[in-house]
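Residue numbers start from 1 in every chain, and the chains themselves are labelled A, B, ... in the order their sequence lines are given, proteins ahead of strands.
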Protein chains: 2
Amino acid sequence: MANPDEAGTNEAAEKPIPAKEVTMKEVAAHAGVALSSVSRVLNDHSDVSESMRKQVLDAIEAVGYEPNLLASSLRRGSTMTVGFIANDISNPLFAEIAMGAERRLNEAGYSMVLTNSEGSPERDEAMIRLLRWRRIDGLILSVADEERAGTLAELAKLSEPVVLIDRQVRGADEASAVLSDHANGMRAAIDHLLDLGHRRVALISGRPGLRPVRERLSGFKAAFRARGLDLPEDLLKLDSFSATFGQQATHELLAADDPPTAIVAGGNLLLTGVLRALQAAGRTVGADISLVSCDDVPLTELHSPPITVIDRDAVQMGEAAAELLLKLLAGGEGPLVTEIPTSLIRRASTQPGPAG
Amino acid sequence: MANPDEAGTNEAAEKPIPAKEVTMKEVAAHAGVALSSVSRVLNDHSDVSESMRKQVLDAIEAVGYEPNLLASSLRRGSTMTVGFIANDISNPLFAEIAMGAERRLNEAGYSMVLTNSEGSPERDEAMIRLLRWRRIDGLILSVADEERAGTLAELAKLSEPVVLIDRQVRGADEASAVLSDHANGMRAAIDHLLDLGHRRVALISGRPGLRPVRERLSGFKAAFRARGLDLPEDLLKLDSFSATFGQQATHELLAADDPPTAIVAGGNLLLTGVLRALQAAGRTVGADISLVSCDDVPLTELHSPPITVIDRDAVQMGEAAAELLLKLLAGGEGPLVTEIPTSLIRRASTQPGPAG
DNA sequence: TGTGTTACTGGAAACGTTGCCAATACGCTG
DNA sequence: CAGCGTATTGGCAACGTTTCCAGTAACACA
């Protein structure tokens, strides 16, 4: 199956070949030139004659040489690789961010290695450490816990540039980041619901330890405050982004004495839990209870009725993160921050409430 | 911010430090032992005294040593890293497969680097080559095109073990793979539709060049043949897995002279396109037209009505792929194949047809 | 013919590890 | 006390690159 004209005549591989690696040395020997010349051709340095270039390229072809990036990186001191630690790749949102980042990085000649912390701070730390030991040139990540000392310590040991996605660590100006404007998105959503006459509005989301939750909460509060309305403290369920929590929280909310007339799901996984619970309770979205979710996914658009969402451009976030990192890699100074806007897409899941 | 007792007294870093790497040499010097002893401690070889171990570990702590995996891999000739090339990470199905694989590989001490070919055969090739140059120990992937010579050539150059996901390359017995039993799943789905009285059943999916499509098609045909029914050739739309194709194909099907009474969407992205088209045409799923999709995602469960799907366990697929690869890495022989079952989940999107 | 310049090429020392082999010290037996 | 095994350690050569520094040849010029 191998190309027959590749190995002379008498080199038919009979024995369990020891699979010796073909190195630049072989190329040099075959071309009858020095090792350094081969290197110069491969990295196209200026000082190589046309004849030398051809000679070497032919030899490379002839012996079937393949570069060893490990050796090269070791010598050069740079891997041209950027790490990306996602909280949860199975979340389509993160996948899009990763895609955006990878595309931009590839354009700039970097490659990206994607890993998954599955939302676990321990894995976060382990991944940061591993990537550091691998000598990546930069890192894009969305830590699972902004306050965890271990994670911060691992990050501090990293001398390469870091860009956070939707996270903020102590002392706002310490780290570069791409941040989405959750506060204004939420503010718009709550204003919309209040306009419709809702007053009992519930918010289900993760722990306020994470920036997106803090921001959403602040937008939520701002909207109530602006109208002089009391905050429905009992309707804040802030504990996790998981579908199961969404389901449980919704179940509890519906069973309460004074249940909400509108629910905001702060996370696209949460939404599936919320919908399951509403369905189980026999409530019809829109008619019985209004619903807003975060991030536009197929489910929100195709649900009956379609679900109002606070949207943002995930691919753009990834691109922006890559852009910042590239600036830092090029020697750019200080913490850089890009803010990504959010926008409210009104759909039929939000209907006039009791006072509307 | 750095630990103050870390650098003697007079080493306060004032200047733009050249960021010299702390190596085993520094550790050895600080501990007053040989380089090789440090290495022995780090790889916990048997022949190290307790005192030596402590001495070295203390020195490591003191100088803040961090292993260089590049150097280590170069020397050892093994990276303990497995590559994973996904067709499309933003497809939640692939994300789950990747998660399953990574989990299993990590248990075995390997780490996984995930990359994304975005369904492009060119990127496929480029990624295989890059990973090969990086000297990965093994590869899990789902090639974008089973027949493309370039991809096969790149794979052939790889001397490390490979496991395919739901793909089959020429000569069934040439490559290890995890294959899902699409044929039986589709057979069950079509039997279900035929039982309900449907005869005009459409299938929308990717190109038959890919195994999942071939298998689904074969299950589709088998079901019709088994009842002596003619195959509705005009209802086969096999060109792409994208949402836009799903939408377009559905549009065309609905506009035809003798439109289908049931549609099978062969791919979870396709489904969103199909639903958009049905919605645009004002058809109600279940009542007006029956619908079956492949792979259970939140949308299928939470749609109104819920959508009948041919399901399979994606995480299990990933685990199985890792399992096979680990066997091969341990010296296991020959191509290994694991078959993953599919099952039909009946929901309200499939209703009795005209003849039912 | 000698000198300087240009344009290339070769040699060798790194990069940070690991693993082989030889060296050392120790304790014990005969 | 010689001899020998055992347990531990040190030294050194790799792994496959890149890059600096000399060296060489060709050539033009005086």
Round to a whole Å and report the spacing from CZ of Arg53(B) to C1' of dT9(D).
14 Å
What integer distance in Å separates Leu35(A):CG from dC15(D):P?
12 Å
Ranking dT9(D), dT18(D), dT17(D) by distance to the side chain of Arg76(A), first place goes to dT18(D)
Proximity to the side chain of Val48(A) - top-ranked nucleotide from dT19(D), dT9(C), dT17(C)
dT9(C)
Integer-rounded Å distance: dC15(D) P and Trp133(B) CH2:
22 Å
Starting at CD of Glu66(A) and ending at P of dT17(D), how long is that distance when rounded to a whole Å?
10 Å
Kindly point out which of dG10(C), dT9(D), dG19(C) is positioned nearest to the side chain of His45(B)?
dG19(C)
Could you walk me through whether Glu122(A) and Ser120(A) pass side chain to side chain donor-acceptor pair (under 3.5 Å), step by step?
CA-CA 5 Å; Glu122(A) 291 82 14; Ser120(A) 139; 3.2 Å; yes
Indicate whether OP1 or OP2 belonging to dT18(D) is found under 4.0 Å from a side-chain N or O atom of Asn43(A).
yes
Going by modelled atom types, is there a donor-acceptor pair between the base of dT18(D) and the side chain of Arg75(A) at under 3.5 Å?
yes
How close do Leu328(B) and Glu333(B) get, heavy atom to heavy atom, and via which atoms?
CD2-O, 4.4 Å
Just how far, in rounded Å, is C1' of dC20(C) from CZ of Arg40(B)?
10 Å
Rounded off to whole Å, could you give me the CE-to-P distance for the Met52(A) and dA25(D) pair?
14 Å
Quick one: does any side-chain atom of Asp124(B) pair with a main-chain N or O of Ala144(B) as donor and acceptor, under 3.5 Å?
yes
Counting side-chain heavy atoms from CB outward, which of dT9(C), dT17(C), dT9(D) is closest to Thr23(B)?
dT17(C)
Atom CG of Asp47(B) to atom C1' of dA25(C): distance rounded to whole Å?
15 Å
Phosphate OP1/OP2 of dT17(D) contacted by Ser39(A) side-chain N/O (<4.0 Å):
no
Can you work out whether Leu74(B) or Gln55(B) has the more 5'-proximal nearest nucleotide on DNA chain D?
Gln55(B)
Any idea which of dC15(C), dG10(C), dC8(C) is nearest the Ser49(A) side chain?
dC8(C)
Could you tell me whether Arg129(A) and Glu154(A) have a side-chain N and a carboxylate O separated by less than 4.0 Å?
yes
How many Å lie between CD1 on Ile60(A) and P on dG16(D), as a whole number?
16 Å
As a test of reading the structure: which of dG16(C), dT18(D), dG10(D) is closest to the side chain of Ser72(A), going by heavy atoms?
dT18(D)
When only distance counts, do a donor and an acceptor, one from the side chain of Ser36(B) and one from the base of dG10(D), lie under 3.5 Å apart?
yes
Pairing residues for Glu26(A) by the salt bridge (Lys or Arg N to Asp or Glu O under 4.0 Å) criterion, not counting sequence neighbours
none
